[in-house]
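Every heavy atom of this structure was used, including side-chain atoms; hydrogens, water molecules and symmetry mates were not. These figures come from a predicted structure and were not determined experimentally.
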Amino acid sequence: MVITKFKKHADFTTVDVEDAAVNRIALWMCTFTLAVSVGAVLLLPFSIISNEVLLSMPHNYYIQWLNGSLIHGLWNLVFLFSNLSLVFLMPFAYFFTEAEGFSGSKKGVMSRVYETSVVLLLLTLLVFGILWVASAIVDDDAAGRESLYDLWEYYLPYLYSGISLFGVLLLLFCTPLGLSRMFSVTGKLLVKPRLLENLEEHLSCTAFEEAAISRKISTKASCWLNLNMEALQKRLLAIKSHRITLEMRRKASPWQRNLVYPLAMLLLLALTGISVLIVCFHVLELLIDDAAMPKGMQDSRLGKVSFSVFGPFGAAVQVILIFYLMAASVVGFYSSPFFTRLLPQKQNTTMTKIIGNCVSLLVLSSALPVFSRTLGITRFDLLGDFGRFNWLGNFYLIFLYNILFAGLTTLCLVKKFTWAMQAELIRAFGLDRLSLPVNRIRSQGKP
């Protein structure tokens with residue numbers, strides 16, 4: 001449903017049946033990858049909630065199906081499907097959409113499959129060759145040389161460890177930016193109080209702009225005007241939808257206007273503050289307690305001990321914070337100047353851009369359990385192959401990661417609130433429309 005909302009219908013209703021079939025196959029692969037991303041996001045919250053349910057009702061007959069082996073199996077399946085999607089499905093989908101078949105071969109879908117398989121095989125050999133050389137340089141001992149020939153037990157976890165490290169570093173830079181952007185995004189979705197927003201002025205400006213564009217469209221018969229009518233039509237539709245949105249916001253009740261917006265801002269501020277405080281406390285724990293280091297857990301101890309000091313309430317806060325940090329990371333990712341071009345457009349996103357978005361979301365979501373445990377958001381240890389990453393045992397890396405997250409988040413929030421408060425005060429008192437002092441200063445500077 002999500003991909004269908006953003007995909008470009010022209011790619012699936014084209015006259016070329018072959019291209020339409022290729023795009024449908026790539027769409028199925030993207031759907032599977034996005035489903036794996038959702039599973040990776042829900043993995044840690046589901047495990048935390050399951051542990052609290054087993055603690056509260058240990059002998060209930062109807063929840064006997066909820067046990068450690070089930071949770072452990074879910075972690076392994078998410079790890080397996082994440083590897084499958086990142087290493088095989090998404091590269092195959094990209095090369096499949098770009099393939100045209102070998103020259104001289106019979107045209108058709110199978111010809112594209114053959115070309116994609118060859119290109120993917122060459123890429124796999126290249127990647128494993130780079131990994132082999134890097135592993136030989138890093139692990140220059142007998143055990144390391146023996147493990148170089150073990151594909152399943154060494155190469156794939158080693159490759160996914162690097163991908164997970166990249167995802168965690170990406171979360172490190174996207175999440176602080178997203179935490180500061182969450183206030184602006186929420187402010188656009190909710191109705192602000194009249195002190196902070198002048199809807200009548202916005203409606204008047206939108207109505208004037210709509211009338212001006214309508215007048216330009218109505219004068220298209222004039223031969224001396226060189227106008228892009230298609231662009232004007234799109235602009236007119238966008239302005240009309242914006243005007244309808246503003247009219248609906250004007251009809252909002254006083255309770256919705258004066259109560260919901262402040263409560264939402266306070267909730268975001270509280271969640272952000274709790275996240276920063278937990279990370280700062282985790283930094284102190286890393287200095288005095290070795291148990292604060294993230295580590296893997298082979299035998300899941302579900303239903304034996306709570307992973308929060310505050311019991312079920314603390315577990316609920318952990319789940320909310322995990323979802324909040326994931327939402328903030330997605331907002332920060334698409335707000336970053338490096339990834340702005342990946343932002344999907346409704347009914348106008350090409351298949352290549354959909355593949356790029358699915359890969360990005362999978363990298364972010366599959367690194368979320370490691371990210372949450374590294375920052376100390378939860379004490380739930382990593383299960384399965386998620387806890388086998390080599391860099392998780394590096395104290396200096398984990399300590400520096402926590403320091404950077406707390407520092408970057410604080411810096412982004414201070415900068416955001418400083419500029420936002422100044423802009424809102426200037427807009428509330430109407431000082432943004434007063435440019436006389438600037439003109440006077442400029443006029444005085446002239447000879």
Q: Can you see which heavy atom on Pro45 is nearest to which on Ile322, and at what distance?
A: CG-CG2, 4.1 Å

**Q.** Side-chain touch Glu115/Val118, heavy atoms, less than 4.5 angstrom
**A.** no

Q) Just by modelled atom types, is the Pro369 backbone N or O under 3.5 Å from a matching donor or acceptor in the Ser372 side chain? A) no

**Q.** Leu400: which of Leu397, Asn402, Leu404, Ile398 passes side chain to side chain contact (heavy atoms under 4.5 Å, CB included)
**A.** Leu404

Q: Indicate the ring-plane relationship of Phe339 and Phe333, choosing parallel, tilted or perpendicular according to the 30° and 60° boundaries.
A: parallel

Q) Which residue, Tyr401, Tyr396, Phe395, forms the ring pair (Phe, Tyr, Trp, His ring centres under 6.0 Å) with Phe399? A) Phe395

Q. With a 4.5 Å heavy-atom cut-off, do Gln345 and Phe6 have their side chains touching?
A. no

**Q.** Exercise: identify the closest heavy-atom pair between Val331 and Met182
**A.** CG2-SD, 3.7 Å

Q.
Keeping Asn83 on the side-chain end and Phe79 on the backbone end, is there a donor-acceptor pair under 3.5 Å?
A. yes

Q: Using a 4.5 Å cut-off on heavy atoms from C-beta on, say whether the side chain of Val414 contacts that of Thr410.
A: yes

**Q.** Atom pair SG/CG of Cys174 and Leu325 - distance to nearest 0.5 Å
**A.** 12.5 Å

Q) Can you tell if the side chain of Cys358 reaches within under 4.5 Å of the side chain of Leu362, non-hydrogen atoms only? A) no

Q) Which pair of non-hydrogen atoms, one from Thr374 and one from Val370, has the smallest distance, and what is that distance? A) OG1-O, 2.6 Å

Q. Which atoms form the tightest heavy-atom contact between Thr340 and Pro337, and what is the distance?
A. OG1-CA, 3.5 Å

Q. Any salt bridge between Arg379 and Glu285, counting N to O under 4.0 Å?
A. yes

Q: Take Leu321 and Ile278 through the test side chain to side chain contact (heavy atoms under 4.5 Å, CB included) and record every step on the way to the result.
A: CA-CA 10 Å; Leu321 288 178; Ile278 289 176; 3.6 Å; yes

Q) So, the side chain of Thr186 versus the backbone of Phe183: is there a donor-acceptor pair under 3.5 Å, distance only? A) no

Q. Looking at CG of Leu375 and CZ of Phe281, how far apart are the two atoms once the value is rounded to the nearest 0.5 Å?
A. 14.5 Å

**Q.** side chain to side chain contact (heavy atoms under 4.5 Å, CB included) between Ser37 and Val41, intermediate numbers included
**A.** CA-CA 6 Å; Ser37 303; Val41 172; 5.7 Å; no

Q | Check: Leu179 and Cys412 side chains under 4.5 Å, non-hydrogen atoms | A | no

Q: Taking the side chain as every heavy atom from C-beta outward, state whether Thr33 and Trp28 have any atom pair closer than 4.5 Å.
A: no

Q. Hey, what do you get for OG1 (Thr97) to CZ (Arg112), rounding to the nearest 0.5 Å?
A. 8.5 Å

Q. With a 4.5 Å heavy-atom cut-off, do Phe173 and Ser336 have their side chains touching?
A. no

(Q) Under a 3.5 Å distance rule, please check whether Thr175 uses its side chain to pair with a backbone N or O of Leu172 as donor and acceptor. (A) no

Q: Say whether, by atom type as modelled, one donor and one acceptor occur between the side chain of Ser329 and the main chain of Met326 under 3.5 angstrom.
A: yes

Q: Could you tell me the separation between the CG atom of Leu44 and the CD1 atom of Ile49, rounded to the nearest 0.5 Å?
A: 10.0 Å

Q. How many angstroms lie between atom CG of Leu271 and atom CG of Leu267, to the nearest 0.5 angstrom?
A. 4.5 Å

Q: Report yes or no: does Lys7 contribute a side-chain atom to a donor-acceptor pair with the main-chain N or O of Lys346 at less than 3.5 Å?
A: no

Q) Considering all heavy atoms of both residues, which atom of Met29 and which atom of Leu89 are nearest to each other, and what is their separation? A) SD-O, 3.6 Å

(Q) For a 4.5 angstrom cut-off between non-hydrogen side-chain atoms, does Met90 reach Cys30? (A) yes

Q: Check the pair Glu98, Thr116 against side chain to side chain contact (heavy atoms under 4.5 Å, CB included), reporting the backbone distance first and the verdict last.
A: CA-CA 9 Å; Glu98 298 294 328; Thr116 305; over 6 Å; no

Q: Taking all non-hydrogen atoms of both residues into account, name the closest pair between Cys280 and Ala406 and its distance.
A: SG-CB, 4.2 Å

(Q) Heavy-atom count check: over 12 atoms from other residues, nucleotides or ligands less than 6.0 Å from Phe313 CZ? (A) no

Q: Would you please indicate if the ring centroids of Phe371 and Phe405 are separated by under 6.0 Å?
A: yes

Q: Could you grab the distance from atom CG of Leu55 to atom CD of Glu52, nearest 0.5 Å is fine?
A: 5.5 Å

Q: Start with the C-alpha distance between Val22 and Phe96, add both sets of side-chain angles, then the distance that settles side chain to side chain contact (heavy atoms under 4.5 Å, CB included), and finish with yes or no.
A: CA-CA 7 Å; Val22 168; Phe96 193 44; 3.7 Å; yes

Q: Kindly check if the number of other-residue, nucleotide or ligand heavy atoms within 6.0 Å of OH (Tyr94) is above 12?
A: no

